[in-house]
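Here the structure is laid out as structure tokens; the discussion comes afterwards.
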There are 2 protein chains.
Amino acid sequence: MSASPSPSGARPYHHGNLKTALVEAGLALLEERGLGDLSLREIAARVGVSHTAPKNHFGSLKGLLTAIAAEGFRRHAAALEAGLKPADGPIERLQAAAEGYVRFARENPALFRLMFSGDLCDFNDPDLTAAASASYGILARLAGQLEAGPADAGHRQTRMETLLWSLVHGYATLANEGQLATGPDGTQIQGIADLFRHWPRFV
Amino acid sequence: MSASPSPSGARPYHHGNLKTALVEAGLALLEERGLGDLSLREIAARVGVSHTAPKNHFGSLKGLLTAIAAEGFRRHAAALEAGLKPADGPIERLQAAAEGYVRFARENPALFRLMFSGDLCDFNDPDLTAAASASYGILARLAGQLEAGPADAGHRQTRMETLLWSLVHGYATLANEGQLATGPDGTQIQGIADLFRHWPRFV
DNA sequence: GTGAAAAATTTACACTGGAAACATGAGTGC
DNA sequence: GCACTCATGTTTCCAGTGTAAATTTTTCAC
């Protein structure tokens with residue numbers, strides 16, 4: 001006869017919801033240790049479980065990182081929509097989404113890098129692709145509202161989508177790596193929204 | 001009495017130019033194995049040297065990766081200037097540089113990721129910062145030729161520089177991670193130069 | 001109850017980067 | 001010529017990583 005079923009003190013053999021606990025611990029450790037020093041063993045220790053336990057739920061480290069990245073994309077989508085006011089015009093809404101994109105990257109640098117790491121995650125995983133597509137769809141919808149003519153139905157990805165995504169993602173990435181000039185308070189000299197407010201004309 | 005000084009067959013105890021040999025081997029292995037699976041031991045083995053030998057020249061793995069990234073930036077600068085014809089106008093030259101930027105990223109994906117990895121390299125290293133600055137200077141100079149008024153002397157980084165660099169870098173990064181839609185031949189549906197040729201007007 | 005399957009553990013293995021002690025050889029001063 | 005110095009490599013060892021296999025524990029269906 002072991003300890004009683006679940007009074008405080010005795011940890012049960014089965015965790016209960018190890019899957020979500022591992023993802024949350026991974027998200028926390030990701031920002032504490034950084035992407036490079038994140039380890040499967042440390043995540044498992046944080047949850048209080050042996051280092052091989054995650055295999056039952058995620059298969060391998062890559063599977064766990066994929067699940068973490070998927071949760072990252074869900075939060076990313078929320079950050080994109082955070083400042084989106086329906087009353088605003090398309091350009092104001094675009095600026096708000098861009099600021100959300102950058103803010104998310106700056107507040108979760110390691111997670112952001114993981115999400116776009118390419119080989120650390122399994123981009124064939126349905127959960128991850130669904131979350132990433134949902135996040136991308138927000139930006140794509142905003143791009144569509146800025147297009148001149150009718151929707152470019154023949155393309156899987158319009159020119160406006162490619163332009164906006166590249167610009168915002170590049171800005172977020174460079175800011176994250178510390179490559180953009182910053183003022184004394186640590187924020188970028190050129191804000192992302194300013195780039196839209198003072199849009200140049202080449203042609 | 002050991003073997004004669006340097007006839008073929010007997011490898012001398014001292015390599016001679018191990019430093020550059022390690023960088024070259026690292027560059028080759030980087031694209032073969034990918035950034036994630038690159039190992040100091042394998043680079044050393046490739047050169048035919050013990051895995052602790054690099055420490056004398058680079059201190060640690062980070063030091064070696066920093067040297068590799070510096071060489072990457074030198075090649076990156078060359079790729080930027082490759083298609084730059086003095087006779088062309090500023091916009092044509094910008095398009096050519098952008099295409100060089102993207103082509104370099106696509107042809108050296110692992111090296112490109114290393115160069116902008118942030119924590120794998122030591123961005124306080126004088127060699128690396130000099131090479132990176134030189135590469136950035138090419139883009140900055142092109143941006144300056146596109147500015148409307150006189151040079152924005154008060155800023156360390158002008159709005160045009162930030163805009164162009166973010167756009168081109170984001171495009172290259174996303175293309176590299178396979179996030180941009182591609183046609184049947186593997187090239188992007190929306191070429192980087194097309195983004196400039198069909199530049200939108202927001203305001 | 002009993003048996004099957006899920007969930008977690010223990011153990012072992014190949015691999016990594018780094019530290020320390022030692023070996024080798026090139027170069028310099030005499 | 002010769003010893004001394006020091007940069008350059010090697011050997012050995014260590015802590016840490018992710019994964020695989022065999023084993024134990026628990027839950028759940030019948």
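All values derive from a computational prediction rather than experimental measurement.
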Mind calculating the distance between [atom1] ([X]) and [atom2] ([N]) to the nearest angstrom?
X       : N      : atom1 : atom2 : value
A:Leu61 : C:dT16 : CG    : C1'   : 15 Å
A:Asn17 : C:dA7  : CG    : P     : 12 Å
A:Leu65 : D:dT17 : CG    : P     : 14 Å
A:Asp37 : D:dA15 : CG    : P     : 19 Å
B:Ile43 : C:dT16 : CD1   : C1'   : 13 Å
A:Glu42 : D:dT17 : CD    : P     : 7 Å
A:Leu18 : D:dT26 : CG    : C1'   : 15 Å

At less than 4.0 Å, is any side-chain N or O atom of [X] found next to OP1 or OP2 of [N]? Yes or no.
X       : N      : answer
A:His57 : C:dA8  : yes
A:Ser39 : D:dT17 : yes
A:Lys55 : D:dG18 : no

Could you check whether the rings of [X] and [Y] sit parallel, tilted or perpendicular, using 30° and 60° as the cut-offs?
X        : Y        : value
B:Phe202 : A:Trp199 : tilted
B:Phe112 : B:His76  : tilted
B:Tyr136 : B:Trp165 : tilted

- Task: Assign B:His51 to base, sugar-phosphate, or nothing according to its heavy-atom contacts below 4.0 angstrom with the strands shown.
- Result: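 Base, at least one base atom sits under 4.0 Å.
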- Message: Students often get this wrong, so: under 4.0 angstrom with heavy atoms, is A:Thr52 touching a base, only sugar-phosphate, or nothing?
- Response: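 Base, at least one base heavy atom under 4.0 Å.
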- Message: Within the 4.5 Å heavy-atom criterion, are B:Phe196 and B:Leu167 side-chain neighbours or not?
- Response: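 Contact flag for B:Phe196/B:Leu167 side chains = yes.
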- Message: I need the residues from residues 110-124 of chain B with at least one non-hydrogen atom less than 4.0 Å from DNA chain D; give them sorted by number, or say none.
- Response: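 Heavy-atom contacts with DNA chain D come from no residue of residues 110-124 of chain B; none.
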- Near-strand residues of residues 24-36 of chain A, defined as heavy-atom separation under 4.0 angstrom from DNA chain D: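 Result for residues 24-36 of chain A: none.
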- Query: Hey, is the main chain of B:Gln157 close enough, under 3.5 Å, to the side chain of A:Gln190 for a donor-acceptor pair?
  - Reply: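 Present.
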- Has the side chain of A:Ser133 got a donor or acceptor atom that lies under 3.5 Å from a matching backbone atom of A:Ala130?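 No: the side chain of A:Ser133 does not pair with the backbone of A:Ala130.
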- Within the modelled atom types, does a donor on one side and an acceptor on the other bring the side chain of A:Asn56 and the base of C:dA6 under 3.5 Å apart?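 No such pair is found, so the answer is no.
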- Message: On DNA chain D, compare the nucleotides closest to B:Arg41 and B:Ser50; which residue's is nearer the 5' end?
- Response: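 Result of the comparison: B:Ser50.
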- Ion pair check, B:Glu42 and B:Arg46, cut-off under 4.0 Å: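 Looking at B:Arg46 together with B:Glu42, the answer is no, because their closest N to O distance does not fall below 4.0 Å.
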- Item | Exercise: do A:Tyr171 and B:His169 side chains pair donor with acceptor under 3.5 Å |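 Checked: A:Tyr171/B:His169 side chains show no N/O donor-acceptor pair below 3.5 Å.
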- Mark yes when over 12 heavy atoms from residues, nucleotides or ligands other than B:Lys19 sit less than 6.0 Å from its NZ; otherwise mark no.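 No - once you tally the heavy atoms of other residues, nucleotides and ligands closer than 6.0 Å, there are 12 at most.
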